[in-house]
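Structure record follows, encoded as structure tokens.
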Amino acid sequence: MVGEEGAFVLGWDEVLTEEELSVTLKVLCMSEEEFKEYKEQDGWEDDSEEEESSTLSNEALSRLKTPCKKLLYDSVLLTLQSYGSDLKAEQDLLNNKEVYEKLSRREQQALHVRYGQKRILHQLLELVR
């Protein structure tokens with residue numbers, strides 16, 4: 001369901017791998033009975049109402065059902081814990097011009113990427129609180 005990398009792609013305004021995340025959340029939040037029915041039907045049949053609401057914009061993420069929000073929230077926390085530093089540490093490093101300039105170009109680029117990733121993850125935490 002998630003693909004080879006086992007990750008979802010998030011942007012500032014929406015989930016870029018919305019179909020994968022939507023299906024994954026639905027399956028992981030199903031009761032055992034619902035999952036059995038899902039397996040028997042080989043997934044969901046074409047349900048246009050479901051499709052229309054599956055676009056996972058930031059607004060839609062904030063309206064998810066509580067179990068899905070909790071699952072996303074806990075997943076984001078685990079992802080943030082996998083980083084070696086927190087968002088504030090990255091911000092402090094970016095703001096410390098003397099230290100920042102001592103970093104190689106590659107280290108500076110990596111810092112910007114990590115900082116951007118963490119900002120998106122923190123934004124997602126706020127949306128699914």
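Small disclaimer: the values here were computed from a predicted structure and weren't measured.
Hydrophobic clustering keeps L77 apart from Y115 (ILVMFWY residues linked when any side-chain heavy atoms are closer than 4.5 Å, directly or through intermediates). Following chains of ILVMFWY side-chain contacts shorter than 4.5 Å, one cannot reach L111 starting from L121, and the two form parts of different hydrophobic clusters. The hydrophobic clustering, which links ILVMFWY residues whose side-chain heavy atoms are closer than 4.5 Å, places L125 and L87 apart.
Put simply, CG on L56 and CG on L21 are 5.5 Å apart, with the number rounded to the nearest 0.5 Å. T66 OG1 to L71 CG: the interatomic distance, rounded to the nearest 0.5 Å, is 12.5 Å. Separating the CG atom in L124 from the CZ atom in F8 is a distance of 11.5 Å, to the nearest 0.5 Å. To the nearest 0.5 Å, atom CD1 of residue I120 and atom NE2 of residue H122 are 11.5 Å apart. Q109 CD to L103 CG: the interatomic distance, rounded to the nearest 0.5 Å, is 11.5 Å.
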Please output the side-chain donor-acceptor pairs of residues 58-65 that fall under 3.5 Å, not counting sequence neighbours, one pair per line with the distance.
{"residue": "N58", "atom": "ND2", "partner": "W12", "partner atom": "O", "Å": "2.6"}
{"residue": "E59", "atom": "OE2", "partner": "R63", "partner atom": "NH1", "Å": "2.8"}
{"residue": "S62", "atom": "OG", "partner": "E59", "partner atom": "O", "Å": "2.7"}

With a 3.5 Å cut-off and sequence neighbours excluded, list the donor-acceptor pairs that the side chains of residues 27-36 form with protein atoms.
{"residue": "S31", "atom": "OG", "partner": "E34", "partner atom": "N", "Å": "3.1"}
{"residue": "S31", "atom": "OG", "partner": "E34", "partner atom": "OE1", "Å": "3.3"}
{"residue": "E34", "atom": "OE1", "partner": "S31", "partner atom": "N", "Å": "2.7"}

Item to complete: Determine, step by step, whether Y38 and K26 satisfy the side chain to side chain contact (heavy atoms under 4.5 Å, CB included) criterion, reporting the C-alpha distance in whole Å, the side-chain angles of both residues, the deciding distance to 0.1 Å, and the verdict.
Response: CA-CA 10 Å; Y38 173 79; K26 287 177 185 178; over 6 Å; no

Practice prompt. List the steps, then state whether side chain to side chain contact (heavy atoms under 4.5 Å, CB included) holds for K69 with L127.
Written response: CA-CA 9 Å; K69 282 178 150 182; L127 291 169; over 6 Å; no

Fill in: Verdict with reasoning, L10 to L16, per side chain to side chain contact (heavy atoms under 4.5 Å, CB included)
CA-CA 6 Å; L10 305 171; L16 303 177; over 6 Å; no

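Residues forming a salt bridge (Lys or Arg N to Asp or Glu O under 4.0 Å) with D86 (at least two apart in sequence, or on another chain): none. When the side chain to side chain contact (heavy atoms under 4.5 Å, CB included) test is applied to E101, the partners found at least two apart in sequence or on another chain are K97. Here K118 pairs with E90 under the salt bridge (Lys or Arg N to Asp or Glu O under 4.0 Å) rule; sequence neighbours left out. Listed by chain and residue number, E126 satisfy the salt bridge (Lys or Arg N to Asp or Glu O under 4.0 Å) test with R129 (two or more places apart in sequence, or in another chain).
Between the side chain of E107 and the backbone N or O of S104 there is at least one donor-acceptor pair closer than 3.5 Å. Remark: side-chain polar atoms of N95 are paired, donor with acceptor, to backbone N or O of Q91 under 3.5 angstrom.
Using a 4.5 Å cut-off on side-chain heavy atoms (C-beta onward), V9 and V15 make no contact.
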